[in-house]
Amino acid sequence: MGDLLLVRHGETEWSLSGQHTSWTDIPLTDNGREQARSLAPLIGGFRIGAAFTSPRQRSRETAELAGFPDARVDPDLSEWEYGVDEGVTTVEIHRTRPHWYLFDDGVALGPPEHPGENPRQVGERADRMLAKVDAALANYEGSVVLFAHSHFLRVLAARRLGLPPSGGSMFVLATGTVCRLSTEHGRPVVASWNQRP
């Protein structure tokens with residue numbers, strides 16, 4: 001069975017400023033595009049059987065520049081829905097909620113079109129995506145690569161390792177990096193994290 005590669009999209013203006021970005025569809029910076037291009041040889045070292053991407057342009061563009069223009073778009077790879085915290089930094093949130101922690105508390109309830117998600121809901125989405133990954137690993141030779149977002153991929157990694165969604169707090173994920181989840185003696189393990197070429 002192949003490995004699972006997790007790719008966080010390249011840098012954006014909001015990843016630089018620390019603003020929470022879920023549905024806001026902003027592009028990569030020039031540096032983010034360069035980060036994405038530089039991933040091609042790193043990912044190219046693996047035999048990839050299937051590639052999936054979040055529907056957001058920052059992930060789709062990262063996939064394309066990294067050599068996967070035909071990556072299958074899957075909404076389950078979307079970033080944690082931040083509700084009213086969209087576009088807001090953690091520092092700003094702490095002014096009114098000083099003890100707030102995303103992986104424990106989720107987000108404040110937002111409007112009906114963007115209500116936000118709690119850790120359990122993000123974990124359920126990650127589990128659905130992992131079922132698709134397992135199906136792809138069973139049906140295709142090689143590894144699977146996912147192009148997506150920091151907080152969601154951190155939860156997905158936690159779930160792959162048998163941890164609760166809050167376990168994603170233990171995995172810092174930089175822009176334009178590749179992480180590899182593999183197995184050892186039939187058990188899931190972190191084989192590498194935050195790799196850059």
Side-chain angles (χ1 to χ4, degrees), residues 1-10 12 15 20-23 35-36 39 42-43 46 48-63 66 68 71-83 85 101-107 116-140 142-184 186-196:
M1 183 172 283
D3 292 334
L4 174 56
L5 305 180
L6 310 179
V7 180
R8 184 181 177 192
H9 62 76
T12 68
S15 69
H20 289 88
T21 320
S22 53
W23 71 84
Q35 286 178 330
L39 295 176
L42 183 60
I43 299 169
F46 295 88
I48 302 298
F52 298 86
T53 182
S54 159
R56 301 296 174 251
Q57 68 172 318
R58 56 195 182 272
S59 292
R60 288 185 289 110
E61 187 175 8
T62 299
F68 295 88
R72 192 164 86 196
V73 175
D74 194 308
D76 278 338
L77 283 171
S78 297
E79 178 60 297
W80 193 313
E81 160 80 56
Y82 296 125
D85 295 328
Y101 191 62
L102 177 67
F103 289 96
D104 292 336
D105 305 319
V107 298
E117 288 180 301
N118 62 42
R120 178 189 54 79
Q121 291 169 314
V122 179
E124 288 170 355
R125 216 162 24 88
D127 289 346
R128 283 197 308 268
M129 193 66 227
L130 286 169
K132 297 170 199 176
V133 165
D134 287 337
L137 287 170
N139 291 322
Y140 303 104
S143 298
V144 172
V145 60
L146 306 179
F147 295 88
H149 312 272
S150 176
H151 287 136
F152 177 76
L153 287 176
R154 291 168 68 177
V155 170
L156 184 136
R159 297 299 301 137
R160 186 58 153 193
L161 297 168
L163 301 170
S166 62
S169 66
M170 295 184 280
F171 304 102
V172 173
L173 189 52
T175 57
T177 57
V178 177
C179 304
R180 181 167 63 97
L181 301 180
S182 191
T183 57
E184 182 183 59
R187 295 174 183 250
V189 295
V190 176
S192 64
W193 199 260
N194 275 334
Q195 267 194 301
R196 285 198 168 109

Okay, side chain of Arg125, backbone of Asp76: is any donor-acceptor separation there less than 3.5 Å? yes

Across all chains, not counting sequence neighbours, the side chain to side chain donor-acceptor pair (under 3.5 Å) partners of Thr183 are none

Would you give the length of the straight line joining atom CG of Leu156 to atom SG of Cys179, rounded to the nearest 0.5 angstrom? 11.0 Å

Do any N or O atoms from the side chain of Asp74 and from the backbone of Met129 form a donor-acceptor pair under 3.5 angstrom? no

Would you call Ser22 and His151 a side-chain contact if the rule is heavy atoms closer than 4.5 Å? no

For a quick test of reading the model, state the closest non-hydrogen atom pair linking Ala71 to Ala63 and the distance between them. CB-CB, 4.2 Å

Rounding to 0.5 Å, atoms OG1 (Thr53) and CG (Leu77) come to a distance of 7.0 Å

What is the minimum heavy-atom distance between Arg56 and Ser78, and which atoms define it? NH2-OG, 4.3 Å

Between Trp193 (side chain only) and Val172 (backbone N and O only), is there a donor and an acceptor less than 3.5 Å apart? yes

Taking the inter-plane angle between the rings of His20 and Tyr82 on a 0 to 90° scale, is it parallel (under 30°), tilted (30 to 60°) or perpendicular (over 60°)? perpendicular

Around Arg72, counting heavy atoms of other residues, nucleotides and ligands shown, do more than 12 lie under 6.0 Å from its CZ? no

Check ring-ring contact (aromatic ring centres under 6.0 Å, His included) between Phe52 and all other residues, then give those that pass, not counting sequence neighbours. none

Hey, are the side chains of Gln121 and Glu81 touching, using non-hydrogen atoms and a 4.5 Å cut-off? no

Using every non-hydrogen atom in the two residues, find where Pro119 and Asp105 come nearest and quote the distance to one decimal. CD-C, 4.3 Å

How long is the span from the CZ atom in Phe68 to the CD1 atom in Ile48, to the nearest 0.5 Å? 5.0 Å

Would you give me the side-chain donor-acceptor pairs under 3.5 Å for residues 2-9, sequence neighbours excluded?
unit_1	atom_1	unit_2	atom_2	d
Asp3	OD1	Ser182	OG	2.6
Asp3	OD2	Arg180	NH1	2.9
Arg8	NH1	Leu173	O	2.7

Do Phe152 and Val122 touch side chain to side chain, with heavy atoms closer than 4.5 Å? yes

Taken to the nearest 0.5 Å, the spacing of Gln35 CD from Ser15 OG works out to 7.5 Å

Between Asp134 and Arg160, is there a side-chain N and carboxylate O pair less than 4.0 Å apart? yes

Measure the spacing between OG1 of Thr21 and CG of Asp85 and express it to the nearest 0.5 Å. 12.0 Å

When you compare the side chain of Val145 with that of Phe46, does any pair of heavy atoms fall below 4.5 Å? no

Would you call Arg128 and Glu124 a salt bridge, taking side-chain N to carboxylate O under 4.0 Å as the test? no

Could you tell me the separation between the CD atom of Glu79 and the CH2 atom of Trp23, rounded to the nearest 0.5 Å? 11.5 Å

By side chain to side chain donor-acceptor pair (under 3.5 Å), which residues pair with Ser59, not counting sequence neighbours? His149

Identify the heavy atoms of Ala174 and Arg196 that sit nearest to each other, and give their distance. CB-NH2, 3.8 Å

Exercise answer: donor-acceptor pairs, residues 163-171 side-chain atoms, under 3.5 Å, sequence neighbours excluded:
unit_1	atom_1	unit_2	atom_2	d
Ser169	OG	Ser166	O	3.0

Partners passing side chain to side chain donor-acceptor pair (under 3.5 Å) against Gln57 (at least two apart in sequence or in another chain): none

